[in-house]
Amino acid sequence: MVERDCSSAPDALSPNGARRRRLISVATTLLVLPVIPRLAQAATILAVRTWPADEYTRVTLELDSELKAEHFTLENPHRLVVDIQGLQANAELNQLISKVRPDDPYIRSLRVAQNRPNVVRLVFDLKQAIAPQVFTLKPVADYQYRLVLDLYPKVAQDPLMAVLDKQAGPDVDDPLARILEDISRNSGTPGGTAPVPAPAPQARGQEPPPRVALPQPTPAPAPVVPQPSLPSPSTPSRRKRMVTIALDPGHGGEDPGAIGKSGLREKDVVLRIARQLKALIDDQPNMRAYLTRDDDYFVPLHVRVQKARRVRADLFISIHADAWIKPSANGSSVFALSQRGASSTQARWLADKENAADLIGGVNLGSHDKQVAKVLLDLSTTAQINDSLRLGSALLDEIQKINRLHKRQVEQAGFAVLKAPDIPSILVETAFISNPREEELLRSSSHQQKMARAIMAGIQQYFVANPPLAHIADAS
């Protein structure tokens, strides 16, 4: 048996023993520290924005990290409560209170408070019952993470249909009813926290009211395009109808579109042109214009198409202001849909840029009916494209009188906003906002009026050669 000599081991009570215990204690602490969870750092708010409009109000919080939020609605009085996790109440968040405008159609006031540790509660006092959508968006373009609150009304009336209702009498189907019913049905009961699906507007089973008269435009001096081959109704129509032109000002709300060197935003200038064009169309005795957006708010691409189809538009004209990497690019362009690839590299690039609007503007892709949108955007026909090319040629004839053309023929690419299967649809690039000279033209109200009048003249030229036929559903 071997006996261990422990004489050299430090006594537990000796200075060496105490020093050894301290070293072991420190080492143990160092080993334990990494597994102690760190307290979550509160997210930083980068910006807060509101986009009030008659159609809906959007509230956006832009942050440096993704957050989770729960929401529910209350009645008597109407309120929307949103609990945001991973956030601390601070001065930046309180700025949101000052962003609420007195004329907001939905929000009366806003309260912000720390509901519990690391959870901020927003309480929106409302002017009417709403069907909310609350969702997050990942970083895209110039934006970081965004928390989006969309406040839709439970009851709304489409502006164009309100006018037609007066002509058609009572018991007319509201074209926005389905979208509002869908949102309301999925918004949950007070106290619920389930997210609400984004709207997927669909046509109702009942037909819109009849139109009342055919247009009788005055022929323009420009050359007349060839007569189109359009299908005739199976039964001659005995009921005259009003011709409806859907005008689509590009971008809006969170999506500014292209921005010129001096800061002019595409979404602003195209809305001004569209409003002036609407006034010109409405002045015609047998025509009426419908705006897919009439204020500064975002409309998803497929919803723009569905809006035009809901009012059974005869034409769809999307208005934009082009941009290019070189400031020397200039001139106006007109685009139609292509089912076989783009007609040029620039047309393909532009279509890709415009089709990215949903990502920038912010769509709740996780909840709306993607299949419905895909079917709608895959139905475009050869006849629709041919009619669109005729319409585009007529507009180019008129636009070249007030501005240089970037391309003298109608170009084609896969623009999502032009994919209405039954409506001739074109996209007008009024000028290059990235060109300093053309940016100044676009800023000018007189040039905006000239552009609106040129488009109006092109519409009239198109209808001279292609008189609108009565809808089959209107025949009696």
Chemist: Apply the test side chain to side chain contact (heavy atoms under 4.5 Å, CB included) to residues Ile130 and Thr57: give CA-CA distance (whole Å), side-chain angles for both, the deciding distance (0.1 Å), then the verdict.
Modeler: CA-CA 10 Å; Ile130 59 121; Thr57 286; over 6 Å; no

Chemist: Give, for atom CG of Leu396 and atom NZ of Lys407, the distance between the pair rounded to the nearest 0.5 Å.
Modeler: 12.0 Å

Chemist: Are the side chains of Pro77 and Leu126 in touch, meaning some heavy atoms are under 4.5 Å apart?
Modeler: no

Chemist: So Tyr152 and Tyr56, would you call those rings parallel, tilted or perpendicular, with 30° and 60° as cut-offs?
Modeler: parallel

Chemist: Does Asn355 reach the main-chain N or O of Gly414 with its side chain, forming a donor-acceptor pair under 3.5 Å?
Modeler: yes

Chemist: Okay, side chain of His71, backbone of Val81: is any donor-acceptor separation there less than 3.5 Å?
Modeler: no

Chemist: May I ask you to say whether Glu440 pairs ionically with Arg437, meaning some side-chain N is under 4.0 Å from a carboxylate O?
Modeler: no

Chemist: Should Met456 and Leu277 count as side-chain neighbours, where that means a heavy-atom distance under 4.5 Å?
Modeler: yes

Chemist: Please evaluate residues Phe298 and Val363 with respect to the criterion side chain to side chain contact (heavy atoms under 4.5 Å, CB included), reporting the C-alpha separation (whole Å), side-chain torsions for both, the decisive distance (0.1 Å), and the verdict.
Modeler: CA-CA 9 Å; Phe298 173 72; Val363 177; 3.6 Å; yes

Chemist: Looking just at side-chain N and O atoms, do His78 and Gln128 make a donor-acceptor pair shorter than 3.5 Å?
Modeler: no

Chemist: For Lys450, I'd like to know if atom NZ has over 12 heavy atoms of other residues, nucleotides or ligands within 6.0 Å.
Modeler: no

Chemist: With a 4.5 Å limit on heavy-atom distance, are the side chains of Leu46 and Tyr145 in contact?
Modeler: no

Chemist: Looking at Gly392 and Val410, what are the two nearest heavy atoms and their distance?
Modeler: C-CG2, 3.4 Å

Chemist: When rounded to the nearest 0.5 angstrom, what is the spacing between OH in Tyr297 and CG in Asp54?
Modeler: 7.5 Å

Chemist: Look only at the side chain of Gln448 and the backbone of Leu442, and say whether a donor-acceptor pair between them is shorter than 3.5 Å.
Modeler: yes

Chemist: Is there a side-chain contact between Leu291 and Lys278 in this structure, where contact means two heavy atoms from C-beta onward sitting under 4.5 Å apart?
Modeler: yes

Chemist: Could you tell me if the side chain of Arg293 sits less than 4.5 Å from the side chain of Val270, heavy atoms only?
Modeler: yes

Chemist: Rounded to the nearest 0.5 Å, what separation is found between the CG atom of Leu151 and the OH atom of Tyr106?
Modeler: 8.5 Å

Chemist: How long is the straight-line distance from CG of Leu391 back to CG of Asn386, given to the nearest 0.5 Å?
Modeler: 12.5 Å

Chemist: Closer than 4.0 angstrom, basic N to acidic O: yes or no for Glu439 and Lys261?
Modeler: no

Chemist: Using every non-hydrogen atom in the two residues, find where Ala258 and Ile433 come nearest and quote the distance to one decimal.
Modeler: CB-CG2, 3.6 Å

Chemist: My understanding is that only residues two or more places apart in sequence, or in another chain, count here; which of them pass salt bridge (charged side-chain N to carboxylate O under 4.0 Å, His left out) with Asp142?
Modeler: none

Chemist: Checking Asp296 side chain against Gly253 main chain: does a donor-acceptor pair fall under 3.5 Å?
Modeler: yes

Chemist: May I ask you to say whether Arg101 pairs ionically with Asp104, meaning some side-chain N is under 4.0 Å from a carboxylate O?
Modeler: no

Chemist: Are Met451 and Ile399 packed together at the side-chain level, in the sense that at least one heavy-atom pair is separated by less than 4.5 angstrom?
Modeler: yes

Chemist: Would you compute the distance between atom CD1 of Ile426 and atom CD of Glu411 and round it to the nearest 0.5 angstrom?
Modeler: 13.5 Å

Chemist: I need the single residue from Leu110, Asp150, Leu122, Ile107 that forms a side-chain contact (heavy atoms from CB on, under 4.5 Å) with Val59. Which is it?
Modeler: Ile107

Chemist: Looking at Thr73 and Leu80, what are the two nearest heavy atoms and their distance?
Modeler: CG2-CD1, 4.0 Å

Chemist: Under a 3.5 Å distance rule, please check whether Asp314 uses its side chain to pair with a backbone N or O of Thr244 as donor and acceptor.
Modeler: yes

Chemist: Is any side-chain heavy atom of Pro424 closer than 4.5 Å to a side-chain heavy atom of Leu315?
Modeler: yes

Chemist: Would you say Glu266's side chain and Ala321's backbone share a donor-acceptor pair under 3.5 angstrom?
Modeler: yes

Chemist: Could you give me the CA-CA distance, side-chain angles and deciding distance for Lys419 and Leu337, then say whether side chain to side chain contact (heavy atoms under 4.5 Å, CB included) is met?
Modeler: CA-CA 7 Å; Lys419 291 188 175 181; Leu337 182 66; 3.7 Å; yes

Chemist: What are the two closest non-hydrogen atoms of Ala420 and Gln384, and how far apart are they?
Modeler: O-NE2, 2.7 Å

Chemist: Going through the checks in order, is the side chain to side chain contact (heavy atoms under 4.5 Å, CB included) test met by Ile459 and Ile317?
Modeler: CA-CA 10 Å; Ile459 293 172; Ile317 300 176; 3.5 Å; yes

Chemist: I'd like to know if the side chain of Tyr143 reaches the main chain of Lys138, judged simply by a donor and an acceptor atom lying under 3.5 Å from each other, with no hydrogens or angles considered.
Modeler: no

Chemist: With a 4.5 Å heavy-atom cut-off, do Glu429 and Leu350 have their side chains touching?
Modeler: yes

Chemist: To the nearest 0.5 Å, what is the distance between OG on Ser332 and CD on Glu438?
Modeler: 6.5 Å

Chemist: What's the shortest heavy-atom distance between Leu301 and Ala416, and which atoms?
Modeler: CD1-CB, 4.1 Å

Chemist: Is a side-chain N or O of Lys267 found less than 3.5 angstrom from the main chain of His251, in a donor-acceptor match?
Modeler: no

Chemist: Ignoring hydrogens and geometry beyond distance, is a side-chain donor-acceptor pair present between Ser262 and Arg443 at under 3.5 Å?
Modeler: yes

Chemist: So, for His320 and Gly250, which heavy atoms are closest and what is the spacing to 0.1 Å?
Modeler: CE1-CA, 3.6 Å

Chemist: Determine whether a donor-acceptor pair (N or O, by modelled atom type, separation under 3.5 Å) exists between the side chain of Thr50 and the backbone of Lys99.
Modeler: yes

Chemist: For the backbone of Gly257 and the side chain of Arg265, can you confirm whether one donor and one acceptor N or O come within less than 3.5 Å of each other?
Modeler: no

